[in-house]
> 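My structure is below; once you've seen it, I'll send some questions.
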Amino acid sequence: MDLTSVQDLKGVLRSDFFHGYATAAPQIEGAWNKDGKGLSIWDTFGHKPGKIKDGSTADDAVRSYDLYREDIALMKSYGVNGYRFSLSWSRIIPLGGAEDPVNEQGIKFYQDLIDEMLRNGITPFVTIFHWDVPQALEDRYGGMLNKEKFVPDFVRFARVCFEHLGTRVKYWITFNEPGVYSLAGYAAGVHAPGRSSYRDLNEEGDSSTEPFIVSHTQLIAHAYAAKLYRTEFQSEQKGTIGITLSGNWSEAWDEDDPRDQEAAERAREFEIAWFADPLYTTGDYPASMRAQLGDRLPHFTPEESKLVLGSSEFYGMNSYTTFFMQHKDTPADINDHKGNVFIHDTNSKGVPRGEESDTPWLRMAPAGFRKLLNWIWSRYHIPIYVTENGTTAKGETAPTSEVLNDTFRQRFFEGYVGGLARAVKEDGVDVRSYFAWTFTDNWEWAAGYTDRFGCTFIDYDSPEKTRYPKQSAYYLKALFEHLIAA
């Protein structure tokens, strides 16, 4: 393993630094209707013709529901000390609601999974919600579009999780990427539940309002669940609770143009501060968003603002790449969610934002990752847990020796993890974890099985979804053995 570029960083990460993999239940578990599990909106969406790139479903996914013991053993061989996974709401409460029955088999699965992790020295980081609203709640009242009904249902789900799993879990994440859930599901309409203003794509929805309503609901639901944990469970279970936010680095298209610098900052506020400012600094949305969106952006009541501010005890950070932002001189379109900017792959000098992966939006840009760590730290000054970061690589179609020696992904990790370590050592940023996306190739939402993010290759044609370790898994092991203090 070539660690030349990080030789000077030996032992710079704290001795209790967590490193491992992140996954999401709908993408890996399979067993979509087994042992009492109810339908989620992704079960429904995945079965609609034309919604998934390769026409696949996640019915079997990679069968982690059946193969979790083998997976934990493989993960242990990769040297991890943490694993971030999500709970399937409709596996635990099939119909989802506050008055609906709990599925004991679903709870037992997660208890067994966590026990297996703990036996193998792997700390669980549990995401309560990763995009899979029970279909019954979508049918009953429109899911997150109805804050008054959704919040009590989510808080009851969280309570069940705390009660049955909390003695084993010290790290809770309420929501994964509320912004992506809102924008992909309600603005672009390409993710479940599939709503937007674009009638050629979706039968219902309003891209100009619904993403902001749904995001507001998530912030309020998060805050009430966090309050429940802190008031009723934390003193005895001694864990911590927070939220995970998405956000890529936005760079000025022309670094010498103040208008582009402002555009890049505005883009960061629309993507990240949209959630982080209410949670960590002001209890309200950024002024730049209110200026563009007016009353289409919901207003916090004084009670909500007080509840949300300080409700996340850490900053969960998901980030992958960098984009160049150029200012616009024309008014924002009513369906704009980016801060009224032009988004480019190259800057004004023709410099590309990074080396291409196998996913059009994702390019390797480690310098931007370090800049983003600094931006978050300087703006919010709260411990950062990197909860997702990773890449696809071109040509990963079969488990050949060349594919399994995934040099592109290894270089990606070298740049990003190395940048993280330099942000800690040289910039003073408090970073406490790094979870790679992802453990195995999986069902990547609307991309189906076409995007392979895994550090483990999956043979999707085999009944047992045969696992083939890629060299990047062992590279990460060596990298963190070098970086983490003894």
Side-chain angles (χ1 to χ4, degrees), residues 1-13 17-23 71 74-84 248-249 317-322 352-370 372-373 386-425 431 433-442 444 451-459 467-484:
M1 300 291 175
D2 182 14
L3 301 176
T4 307
S5 68
V6 294
Q7 275 305 318
D8 62 318
L9 298 174
K10 183 171 177 60
V12 302
L13 300 181
F17 191 93
F18 289 102
H19 68 100
Y21 294 92
T23 63
D71 281 347
L74 184 57
M75 230 179 273
K76 184 178 183 180
S77 77
Y78 291 172
V80 311
N81 63 5
Y83 175 39
R84 176 184 171 230
N248 294 306
W249 177 247
M317 174 183 167
N318 287 4
S319 188
Y320 289 84
T321 192
T322 291
R353 61 188 179 90
E355 193 176 343
E356 292 183 6
S357 69
D358 198 40
T359 304
W361 61 265
L362 204 176
R363 296 198 186 182
M364 191 192 302
F369 185 66
R370 181 177 175 181
L372 183 57
L373 283 166
V386 174
T387 41
E388 275 185 38
N389 175 247
T391 188
T392 57
K394 293 183 177 182
E396 293 194 337
T397 55
T400 63
S401 58
E402 183 180 12
V403 166
L404 296 180
N405 183 24
D406 51 345
T407 55
F408 178 84
R409 189 174 285 103
Q410 292 171 60
R411 286 193 293 110
F412 181 97
F413 288 141
E414 179 184 28
Y416 280 75
V417 176
L420 179 155
R422 292 202 184 280
V424 171
K425 180 185 179 184
V431 189
S433 77
Y434 179 90
F435 291 98
W437 187 268
T438 181
F439 172 54
T440 63
D441 296 332
N442 62 26
E444 273 294 332
D451 273 2
R452 290 183 179 267
F453 276 86
C455 290
T456 311
F457 186 95
I458 295 289
D459 177 0
R467 278 88 163 125
Y468 296 89
K470 301 177 190 176
Q471 284 302 308
S472 57
Y474 302 111
Y475 176 76
L476 275 177
K477 179 182 181 186
L479 190 58
F480 281 110
E481 284 175 350
H482 176 73
L483 293 174
I484 295 175

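Counting from 1, the numbers follow the sequence of the chain as shown.
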> To the closest 0.5 Å, what do you measure between CZ (Phe480) and NE2 (His19)?
6.5 Å
> Only counting residues at least two apart or in another chain, list the ones meeting side chain to side chain donor-acceptor pair (under 3.5 Å) with Thr456.
Tyr78
> Should Phe18 and Ile484 count as side-chain neighbours, where that means a heavy-atom distance under 4.5 Å?
no
> Would a distance-only check, ignoring hydrogens and angles, find a side-chain to backbone donor-acceptor pair under 3.5 Å from His482 to Val6?
yes
> To the closest 0.5 Å, what do you measure between OH (Tyr475) and CZ (Phe412)?
12.5 Å
> Measuring from atom CG of Asn318 to atom CZ of Phe435, what distance do you get when rounded to the nearest 0.5 angstrom?
11.0 Å
> Got Ser5 and Glu414 here, is their nearest side-chain heavy-atom distance under 4.5 Å?
yes
> Taking Thr392 for the side chain and Phe453 for the main chain, is one N or O donor matched with an acceptor at less than 3.5 Å?
no
> Is the ring centre of Trp361 less than 6.0 Å from the ring centre of Tyr320?
yes
> A side-chain contact here means heavy atoms from C-beta on lying under 4.5 Å apart; do Trp249 and Ser319 qualify?
no
> Looking at CZ of Phe457 and CG of Leu404, how far apart are the two atoms once the value is rounded to the nearest 0.5 Å?
7.5 Å
> Report the C-alpha distance between Leu373 and Leu420 in whole Å, list the side-chain angles of each, state the deciding distance to 0.1 Å, and finish with yes or no for side chain to side chain contact (heavy atoms under 4.5 Å, CB included).
CA-CA 8 Å; Leu373 283 166; Leu420 179 155; 4.1 Å; yes
> Can you tell if the side chain of Cys455 reaches within under 4.5 Å of the side chain of Thr438, non-hydrogen atoms only?
no
> Begin from the C-alpha positions of Met364 and Phe408 and carry the test side chain to side chain contact (heavy atoms under 4.5 Å, CB included) through to its verdict.
CA-CA 9 Å; Met364 191 192 302; Phe408 178 84; 3.4 Å; yes
> Is it true that Asp441 and Lys470 have a side-chain N and a carboxylate O under 4.0 angstrom from each other?
yes
> Distance check, rounded to the nearest 0.5 Å: Thr23 atom OG1 versus Tyr83 atom OH?
3.0 Å
> Using a strict cut-off of less than 4.0 Å between a Lys/Arg side-chain nitrogen and an Asp/Glu carboxylate oxygen, indicate whether Arg452 and Glu444 qualify as a salt bridge.
no
> Would Asn389 and Tyr434 satisfy side-chain hydrogen bond (donor to acceptor under 3.5 Å, both in side chains), going step by step from the backbone distance to the final call?
CA-CA 8 Å; Asn389 175 247; Tyr434 179 90; 2.6 Å; yes
> Report yes or no: does Asn248 contribute a side-chain atom to a donor-acceptor pair with the main-chain N or O of Thr321 at less than 3.5 Å?
yes
> Looking only at heavy atoms, which two atoms of Leu362 and Ser357 are closest? And how far apart?
O-OG, 2.7 Å
> Below 4.5 Å, heavy atoms only, C-beta onward: do Tyr416 and Arg411 meet side chain to side chain?
no
> State plainly whether the residues Arg467 and Asp71 are in salt-bridge range, i.e. N to O under 4.0 Å.
yes
> Between Asp8 and Arg422, is there a salt bridge with N-O shorter than 4.0 Å?
yes
> Run the numbers on Thr397 and Val403 for side chain to side chain contact (heavy atoms under 4.5 Å, CB included), then give the verdict.
CA-CA 8 Å; Thr397 55; Val403 166; 5.7 Å; no
> To the nearest 0.5 angstrom, please state how far the CH2 atom of Trp437 sits from the CZ atom of Arg84.
7.0 Å
> Take Lys425 and Leu9 through the side chain to side chain contact (heavy atoms under 4.5 Å, CB included) test and state the conclusion after the steps.
CA-CA 8 Å; Lys425 180 185 179 184; Leu9 298 174; 3.6 Å; yes
> I'd like to know if Glu396 and Arg409 make a salt bridge, using a cut-off of under 4.0 Å between side-chain N and carboxylate O.
yes
> Within a strict 4.5 Å, meaning less than it, do heavy atoms of the Thr407 and Glu402 side chains meet?
no
> Starting from the C-alpha separation in whole Å, work towards a yes-or-no answer on side-chain hydrogen bond (donor to acceptor under 3.5 Å, both in side chains) for Ser472 and Asp406.
CA-CA 6 Å; Ser472 57; Asp406 51 345; 2.6 Å; yes
> Could Arg363 and Glu355 be called an ion pair, given the rule that one side-chain N must be under 4.0 Å from one carboxylate O?
no
> Return yes if a side-chain donor-acceptor contact under 3.5 Å exists between Asp2 and Gln410, otherwise no.
no
